[in-house]
Amino acid sequence: MKTNFNINNLIRENIKSLMPYSSARDEYINANYKEMIFLDANENPFENGVNRYPDPQQNSVKELLSKIKKIDTKNILLGNGSDEVLDLLFRAFCEPNKDNIITLPPTYGMYSVLANINAVENIKVVLTANFQPNVAQILSEVDTNTKLLFLCSPNNPTGNSFSIAAIEELLLKFNGLVVIDEAYIDFSEQENWLNKLEEFPNLVITQTLSKAYGMAGIRLGVCYASKEIISVLNSIKPPYNVNELSQQKAINRLLDFDAVQKEIIQIKNERLQLEKELKSIDFIEKVYPSDANFLLIQVDDATKRYQQLLSNGIVIRNRSKEPLCENCLRITVGTASENKELIKILKEIN
Ligand SMILES: *Cc1c(COP(=O)(O)O)cnc(C)c1O
């Protein structure tokens, strides 16, 4: 249990005094919503499904997520992709040209992009050789201006999950916010960190509908954190940050959670099969274990193999410029027939 943590010490001064922008739709919400005549927001009154502004708090989506994840809606914030959620964290907690964050390369590129946009220093502590957080090194880099620590688990592009003990130690010893990016958690055997929110007031978890839920196109990211943190983020988010079409699509998908589960099982089965087949290819030197919907492989010559696949109509990701990823390629698990085609071509170019 963490006791010496006070969120007020982390919020930027100008954000503390901010009142959230109050939109027309914020000011009037009532049980009789459906029966009211709305002449308050200068909308076009002719119904076409999207003529009204969307619910700024996305309550229907949150209620479904709340049921599925067994967490109170007050602990949930939705964003235009997790990228927006991550950006809100920077804007709420990191003073430009003063504060810093810690990231653990090789990892998701957006943390660094967002740090640059927000003029926040990004202290990079490379993962250990087996792709785990170097806890001692991370803690030694922390100073009074370190506000956020990003842990991507399962990690992109390495595919592995971080050690639970390492994450707990960081949650206990670091007094800024620990952001666990769980974009790939649904493909992992490891449990998510949602049930640790009470224990660690500095824990922030991000998830997304872009990967396992098959909805990258609607841009819907989810943040789970204490009510206090969620309320700070709510005070700075754009009022209508999740549009009506996205909310409708998300609701339909979340109502059909069984279909999502079935696809996850298929993808995990395909991952297992693909892993086996990739190991039989001569020029593939290593297939890293994966808790995600992609596989990181090490080959003899990443640039050459990348180009060969490209000219055969298959696009993968060359990650060989990342630390610890020399000659590494990242391959997303596709459908059974896509994976079969990939293996066929890999055998041909051998
Ligand atoms: C794909 C991915 C996301 C998803 O971002 P969205 O903006 O929600 O699409 C987040 N984090 C990581 C590590 C990812 O790989």
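In listed order, ligands and their atoms are each counted from 1. Because the structure is a prediction, the values reported are computed rather than measured.
Closer than 4.0 angstrom to ligand 1 lie heavy atoms from G81, S82, D83, Y108, C152, N156, D181, A183, Y184, T208, S210, K211, R219.
Hydrophobic cluster membership is shared by V242 and Y224, with clusters built from Ile, Leu, Val, Met, Phe, Trp and Tyr side chains linked at under 4.5 angstrom.
Residue A115 comes nearest to F90 through the heavy atom pair CA-CE2, 3.5 Å, listed as atom of the first residue, atom of the second, then distance.
Contacts classified as ring pair (Phe, Tyr, Trp, His ring centres under 6.0 Å) and involving residues 264-288 (residues at least two apart or in different chains) are given here: F131-Y288.
Residue V50 belongs to a hydrophobic cluster whose other members are L245, with links defined by side-chain heavy atoms closer than 4.5 Å.
Considering only residues two or more places apart in sequence or on other chains, R319 meets the salt bridge (charged side-chain N to carboxylate O under 4.0 Å, His left out) condition with none of them.
Crowding of K69 atom NZ: a count of heavy atoms from other residues, nucleotides or ligands under 6.0 Å exceeding 12.
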